[in-house]
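What follows is a short report on a single structure.
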Amino acid sequence: MGKAFSFVVGATVGAAAGAIIGILCAPRSGAETRAMAADMANDAWDSARDLYEQGTEQARAAMNDFGPMVDAKTDELRAKVDLARERMDQLRETLNQAVNSGTVTPAMDVEVSDAVAEAAAEAGAEA
């Protein structure tokens with residue numbers, strides 16, 4: 001990228017220098033050449049300003065289009081999070097009811113036999 005950038009910069013500087021020399025060496029009077037150069041500079045300035053305004057307008061339009069999309073995705077994500085919370089609350093309530101009724105033994109009350117613990121340790125070592 002360094003060589004390509006250097007080439008582009010060199011070509012641009014060379015073109016600008018050539019244009020300036022061409023204008024200065026033109027077979028016109030000084031006043032006429034200066035007036036022509038001033039007109040060219042004004043035209044370039046107007047063109048740059050128009051291009052800037054056009055780019056600004058396009059950026060504003062893109063932001064106006066982008067904002068509602070972000071809001072919609074945010075609302076969608078909030079709805080999914082709320083649904084997940086509701087499901088977790090339901091599962092927690094179901095589990096609490098099962099533990100309270102005695103059909104499920106809480107994990108802290110479960111005793112693991114030595115054979116099961118060894119098998120779990122071997123499975124963990126293989127992974």
Side-chain angles (χ1 to χ4, degrees):
M1 181 168 150
K3 289 182 181 181
F5 181 73
S6 296
F7 175 78
V8 170
V9 169
T12 304
V13 170
I20 290 171
I21 291 172
I23 289 172
L24 294 176
C25 294
R28 293 184 183 91
S29 69
E32 191 176 336
T33 302
R34 284 190 298 275
M36 189 175 77
D39 288 342
M40 288 174 45
N42 287 336
D43 290 344
W45 178 256
D46 291 341
S47 176
R49 187 174 41 200
D50 290 343
L51 191 62
Y52 170 77
E53 290 172 359
Q54 202 174 38
T56 303
E57 185 60 35
Q58 288 176 352
R60 276 194 196 110
M63 286 302 296
N64 289 339
D65 292 344
F66 187 68
M69 183 181 71
V70 168
D71 291 342
K73 290 293 182 183
T74 302
D75 292 342
E76 183 180 327
L77 183 59
R78 279 192 182 125
K80 288 181 179 181
V81 167
D82 290 342
L83 181 62
R85 283 184 179 153
E86 288 176 18
R87 288 181 180 169
M88 288 299 297
D89 289 342
Q90 290 172 354
L91 288 171
R92 187 179 302 119
E93 183 64 30
T94 302
L95 184 59
N96 285 337
Q97 288 174 357
V99 168
N100 291 337
S101 68
T103 57
V104 175
T105 306
M108 63 185 168
D109 294 340
V110 174
E111 292 183 24
V112 179
S113 68
D114 291 336
V116 174
E118 289 174 11
E122 288 176 11
E126 290 177 7

With rounding to the nearest 0.5 Å, note down the distance linking [atom1] in [X] to [atom2] in [Y].
X: Arg49; Y: Asp46; atom1: CZ; atom2: CG; result: 5.0 Å
X: Ser101; Y: Asn96; atom1: OG; atom2: CG; result: 10.5 Å
X: Asp50; Y: Trp45; atom1: CG; atom2: CH2; result: 11.5 Å
X: Lys80; Y: Glu76; atom1: NZ; atom2: CD; result: 4.5 Å
X: Leu91; Y: Arg87; atom1: CG; atom2: CZ; result: 9.0 Å

Is there any side chain to side chain donor-acceptor pair (under 3.5 Å) pair reaching into residues 56-68, and which pairs are they, with sequence neighbours excluded?
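The answer is none; no pair qualifies.
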